[in-house]
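Note sheet for the following structure.
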Amino acid sequence: MAEPMTTTTEQPKPKLDALGRAYATGKRKNAIARVWIKPGSGKIVVNGRDWSKYFGRPVLQMIINEPFKVASQENRFDVMCTAVGGGLSGQAGAVKHAISKALTFFDPTLRAVLKVHGLLTRDSRVVERKKYGHRKARRRFQFSKR
């Protein structure tokens, strides 16, 4: 007779490097962000500069803080990040995506709440290519009857 199956619900283990940091990559439009988070006082550094100087607009700062706010982890992690490609808006979205992924690697129990708010999903919208015979991707040249 076969043995009854037992279900064990093991919690996934954190994925940390030798320095106790969690690493993740985030993408948005043409921007790519690499993020390392570790326990700390809430200091965020982007490309060697303070994040409030790098992302000057309050909307971009709000975008970056969203994962911490949703997970109730404000001022508990130090973030070191490099962002390349795209513009500031795309880079802010890439940093947000990377921070969300890094939080799940640091504390897998946060995955559920971040997933519900859609922070772990990569926003796949990119610029549509220009077509020949058009002025832009969809905009036609002006029609002249005479």
Side-chain angles (χ1 to χ4, degrees), residues 2-141:
E3 292 182 27
M5 287 182 54
T6 58
T7 57
T8 57
T9 56
E10 283 187 33
Q11 287 291 344
K13 294 185 177 33
K15 296 178 185 171
L16 305 176
D17 64 6
L19 299 174
R21 303 175 302 183
Y23 167 79
T25 305
K27 296 181 180 181
R28 170 82 167 87
K29 294 186 177 180
N30 277 337
I32 300 171
R34 302 183 318 156
V35 165
W36 292 266
I37 65 168
K38 64 180 181 180
S41 60
K43 185 177 158 193
I44 301 175
V45 177
V46 180
N47 291 345
R49 293 165 55 189
D50 185 48
W51 72 294
S52 60
K53 299 271 190 284
Y54 192 85
F55 296 110
R57 297 199 310 253
V59 172
L60 300 179
Q61 295 174 13
M62 186 184 71
I63 287 172
I64 290 173
N65 260 335
E66 190 177 355
F68 294 121
K69 205 164 279 181
V70 166
S72 312
Q73 302 290 323
E74 291 120 326
N75 300 325
R76 298 214 17 224
F77 291 100
D78 286 344
V79 178
M80 204 283 283
C81 153
T82 61
V84 293
L88 283 180
S89 173
Q91 287 184 359
V95 170
K96 175 180 93 167
H97 185 225
I99 287 174
S100 302
K101 284 171 62 176
L103 280 172
T104 62
F105 293 150
F106 195 89
D107 184 3
T109 59
L110 297 175
R111 180 173 173 80
V113 69
L114 291 170
K115 192 159 179 63
V116 166
H117 285 85
L119 297 175
L120 297 177
T121 305
R122 195 252 200 240
D123 190 350
S124 60
R125 296 176 296 168
V126 292
V127 176
E128 189 175 342
R129 79 171 204 75
K130 182 193 177 304
K131 280 77 170 187
Y132 58 86
H134 295 210
R135 204 166 68 187
K136 292 167 63 175
R138 298 189 179 201
R139 175 79 171 97
R140 284 7 184 222
F141 288 115

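Since the model is a prediction, treat every value here as computed from it, not as a measurement.
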Requested in this report: Decide yes or no for Arg111 and Leu120: does some side-chain heavy atom of the first lie under 4.5 Å from some side-chain heavy atom of the second?
Outcome: yes
Query raised in the report: Once you round to the nearest 0.5 Å, how far does CD1 of Ile37 lie from NZ of Lys101?
Result: 12.5 Å
Requested in this report: Calculate, to the nearest 0.5 Å, the distance between atoms CZ and CD1 belonging to Arg49 and Ile44 respectively.
Outcome: 14.5 Å
Query raised in the report: Where do Pro12 and Pro108 come nearest, in terms of heavy atoms and distance?
Result: O-CG, 3.3 Å
**Report entry** Heavy atoms of other groups near Lys130 NZ, more than 12 under 6.0 Å
**Finding:** yes
Report summary line: Residue set satisfying side chain to side chain donor-acceptor pair (under 3.5 Å) with Lys131, at least two apart, ordered chain then number -> Glu128
Requested in this report: Supply the atom-to-atom distance Trp51 CH2 to Lys43 NZ, rounded to the nearest 0.5 angstrom.
Outcome: 14.0 Å
Requested in this report: Would you give the length of the straight line joining atom CZ of Phe68 to atom CG of Asn75, rounded to the nearest 0.5 angstrom?
Outcome: 9.0 Å
Query raised in the report: Has Asn30 got more than 12 heavy atoms of other residues, nucleotides or ligands less than 6.0 Å from its CG?
Result: no
Requested in this report: Working to the nearest 0.5 Å, report the span between CD1 of Ile32 and OG1 of Thr25.
Outcome: 8.5 Å
Report summary line: Note: Ala102 and Ala22 closest approach over all heavy atoms is O-CB, 3.5 Å
**Report entry** Close side-chain approach of Lys29 to Val127, heavy-atom, < 4.5 Å
**Finding:** no
Query - Gln73/Leu110 under side chain to side chain contact (heavy atoms under 4.5 Å, CB included): CA gap, chis, key distance, verdict - result: CA-CA 10 Å; Gln73 302 290 323; Leu110 297 175; 4.0 Å; yes
Please tabulate, for side-chain N and O atoms in residues 57-66, each donor-acceptor pair with protein atoms closer than 3.5 Å (sequence neighbours left out).
{"from": "Gln61", "atom 1": "NE2", "to": "Ser52", "atom 2": "O", "distance (Å)": "3.4"}
{"from": "Gln61", "atom 1": "NE2", "to": "Phe55", "atom 2": "O", "distance (Å)": "2.8"}

**Report entry** Closest heavy-atom pair and its distance - Leu114, Ser100
**Finding:** CD1-O, 3.5 Å
Report summary line: Of all heavy-atom pairs linking Ala31 and Ala94, the shortest is O-CB, 3.9 Å
Query - Summary of side-chain hydrogen bond (donor to acceptor under 3.5 Å, both in side chains) pairs that have at least one residue in residues 78-92, sequence neighbours excluded - result: Arg34-Thr82, Tyr54-Gln91
Query raised in the report: Closest approach of Ala98 and Val35, non-hydrogen atoms and distance?
Result: CB-CG2, 3.5 Å
Requested in this report: Indicate yes or no: at least one non-hydrogen side-chain atom of Asp107 is less than 4.5 angstrom from one of Phe77.
Outcome: no
Report task. Please examine the side chains of His134 and Arg139, heavy atoms only from C-beta on, and report whether any two atoms are closer than 4.5 Å. Result -> no
Query raised in the report: OG1 of Thr104 to CD1 of Ile99: how many Å apart, nearest 0.5 Å?
Result: 12.0 Å
Report task. Kindly give the heavy-atom pair with the smallest separation between Pro39 and Gly20, and that separation in Å. Result -> CD-O, 4.2 Å
